[in-house]
Protein chains: 2
Amino acid sequence: MPTPDRTSQAEIVAAALALVESDGLAGVTMSAVAQRVGVRAPSLYKRVRDRDHLIRLAAESALADLAARIADHADPARHPDPAERLTALAADLRAFARDRPGSYRLVFAPPAEIAGVDPGAFARASAPLLAVAAELVGEEDALEAARTLTAWATGFIAMELAGSFQLGGDVDRAFKYGLTRLVTALRPAS
Amino acid sequence: MPTPDRTSQAEIVAAALALVESDGLAGVTMSAVAQRVGVRAPSLYKRVRDRDHLIRLAAESALADLAARIADHADPARHPDPAERLTALAADLRAFARDRPGSYRLVFAPPAEIAGVDPGAFARASAPLLAVAAELVGEEDALEAARTLTAWATGFIAMELAGSFQLGGDVDRAFKYGLTRLVTALRPAS
DNA sequence: ACCTGAACACCGTTCAAGT
DNA sequence: ACCTGAACACCGTTCAAGT
C-alpha cells in the first residue's frame with residue numbers, strides 16, 4: 001500500500017530558496033535541503049533530476065515571485081505617466097534584490113553550469129516592462145528600450161550587491177539619477 | 001638540502017584561469033589545477049591558502065589582464081573625440097568577455113562566497129574609463145557617468161553571456177546603439 | 001623547504017532492500 | 001510508490017613522513 005507522500009517538489013524548491021538566502025548557493029546541499037523538508041537526501045531524486053535541476057527550478061520560482069511583484073506596473077491606472085511607473089518598477093526590482101539577494105543572483109547572475117532560467121519564463125516576466133517601455137518610446141523601439149533599461153538596472157544592482165559602491169555617495173540617489181537620465185535618453189527615440 | 005621549486009603561484013593561477021575557460025568554475029578543482037602544473041593537490045597549499053583564495057587570485061589576475069587591454073584608451077593621442085575612445089573601450093570590454101567568458105564572469109559576476117576582487121584593484125582598473133568620462137562630462141560628473149556606463153555595459157554583456165538575446169536582432173548594433181544613446185544622455189550633464 | 005600518500009569529513013548520486 | 005541505509009566516486013584539506 002502506497003504511503004502518503006512526505007514532501008513535494010514545491011516544498012523542496014522553497015527549501016532550496018530559503019537556503020540560498022541563509023547560507024548562499026554553496027549551502028544548498030542535497031542533504032541540507034532534505035533535512036529541511038524532513039526526508040533523507042536520496043528521496044529528493046524522486047522529485048528532482050539532480051542538484052542542477054533543483055537550482056534551476058529555484059531560479060524559476062524566484063523569477064515567478066519577482067514577476068508577481070512587478071506585474072501591476074503595466075497598468076496605466078496606477079499612474080498616468082509611464083516614466084513614473086517605470087521608476088516604480090525599477091525600484092521594485094532593486095527592492096527584490098535587497099530583500100532576497102540570493103534569489104536575485106539566481107535569476108540574473110546564475111552560475112554558468114545551470115544554464116539559467118527558461119527564456120520563455122523570462123520573456124513572460126518582462127512583459128510589464130515591455131508594456132511600459134512601449135508607452136514611453138512607442139512600439140517600434142520598445143524592445144530596444146526595455147533591453148537597455150534592463151541592462152543598466154541589472155548592472156547597477158550587480159555592482160551594488162558586489163559592494164562596488166564603497167566610494168560612498170548616496171546609492172539611492174545614484175539609482176534614481178541614472179534612471180532619469182536613461183528615460184530622457186530613450187524618450188526622443190522616434 | 002632544499003629542492004628547487006617545482007611550480008609557482010603565478011603558474012597555479014594561470015592554470016586556474018585556463019581551467020575556468022575550458023571547464024567552467026566547477027572544473028577548477030585543486031587536483032585538476034595540480035595536475036596542470038605537474039604536482040599533487042596538497043602541494044598547492046604551500047602557495048595558496050585554499051580554493052577560495054585561488055579563485056580570488058585568478059579573478060584579480062583576469063582583472064589585471066583586462067586593465068592592460070583597456071589602459072591606452074585614456075590617451076587623447078589615440079583619438080581626439082572622447083566619445084570615440086569610449087566606444088572603443090566598451091568594445092574592448094565586450095571583446096574580452098567573448099574571448100574569455102569565464103575570466104570575465106570571475107571579475108564581474110563572482111560567486112557570492114569568494115568576496116570578489118579587491119576594490120582597490122577595481123578602482124585602478126577603471127582609471128582609464130574615469131579619465132575618458134571626465135573629458136566627456138567634466139570632472140564633476142565623471143564618477144557618476146563612469147558608473148552609469150559600467151552598469152549598462154556589464155549588464156548588457158551579462159545578458160549576452162546568459163543568452164538573453166535569443167529574440168534575434170543584431171546584438172552588435174544594439175550594443176553600439178545603446179552606448180550612443182547613453183553618451184548622448186550623459187553629455188549635457190552640466 | 002617543498003613534496004607526497006594516506007586519511008578525514010563531506011559532497012552528489014545510485015541502488016537494492018524495506019514499508 | 002515512496003523512503004532509506006549502504007555504497008561509490010569525488011571533493012577540499014590536513015598532516016606525518018619522506019627527500
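Each chain gets a letter, A, B and so on, in the order the sequences are listed, and its residues count up from 1.
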_Contacting residues from residues 42-57 of chain A, given that a heavy atom lies under 4.0 angstrom of DNA chain D_ =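 Of all residues in residues 42-57 of chain A, the ones placing a heavy atom under 4.0 Å from DNA chain D are A:Pro42, A:Ser43, A:Arg47.
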*Where along residues 14-38 of chain A does a heavy atom come under 4.0 Å from DNA chain D, residue by residue in number order?*
none
_Hydrophobic clusters here meaning ILVMFWY residues chained together by side-chain heavy-atom distances under 4.5 Å, can you tell me if B:Ile55 and B:Val107 are in one?_
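Different clusters.
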*For DNA chain D, write out the stems as range with range, using runs of 3 or more consecutive Watson-Crick or G-U pairs with both distances under 3.5 Å.*
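Stems (3+ consecutive pairs) listed as C:4-8 with D:12-16, C:12-16 with D:4-8.
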Just how far is it from atom [atom1] of [X] to atom [atom2] of [Y], taken to the nearest 0.5 Å?
X	Y	atom1	atom2	answer
B:Arg105	B:Leu161	CZ	CG	5.0 Å
B:Leu179	B:Lys176	CG	NZ	10.0 Å
B:Leu106	B:Ile114	CG	CD1	5.5 Å
A:Tyr177	B:Thr148	OH	OG1	7.0 Å

_Whole angstroms only, please: what is the CZ-P distance between B:Arg40 and D:dG18?_
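After rounding, the reported distance stands at 18 Å.
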_Expressed as a whole number of angstroms, how long is the span from A:Ile114:CD1 to C:dG12:P?_
15 Å
*side chain to side chain contact (heavy atoms under 4.5 Å, CB included) partner of A:His73, the single match among A:Thr87, A:Leu129, A:Leu89*: A:Leu89
Report all side-chain donor-acceptor pairs from residues 26-47 of chain B shorter than 3.5 Å, counting only partners two or more places apart or in another chain.
unit_1	atom_1	unit_2	atom_2	d
B:Arg47	NH1	B:Asp5	OD2	3.4
B:Arg47	NH2	B:Thr7	O	3.4

*Lys NZ or Arg CZ of A:Arg94 over A:Phe175 ring: under 6.0 Å, within 45°*: yes
*Can you name the side chain to side chain contact (heavy atoms under 4.5 Å, CB included) partners of A:Ala162, sequence neighbours left out?*
A:Ser164
*asked:* According to ring-ring contact (aromatic ring centres under 6.0 Å, His included), does anything in residues 105-129 of chain A pair up with another residue at least two apart or in another chain? List the pairs.
replied: A:Tyr104-A:Phe108, A:Phe108-A:Phe122
*Taking only N and O in the side chain of B:Arg6, is any of them less than 4.0 Å away from OP1 or OP2 of C:dT4?*
yes
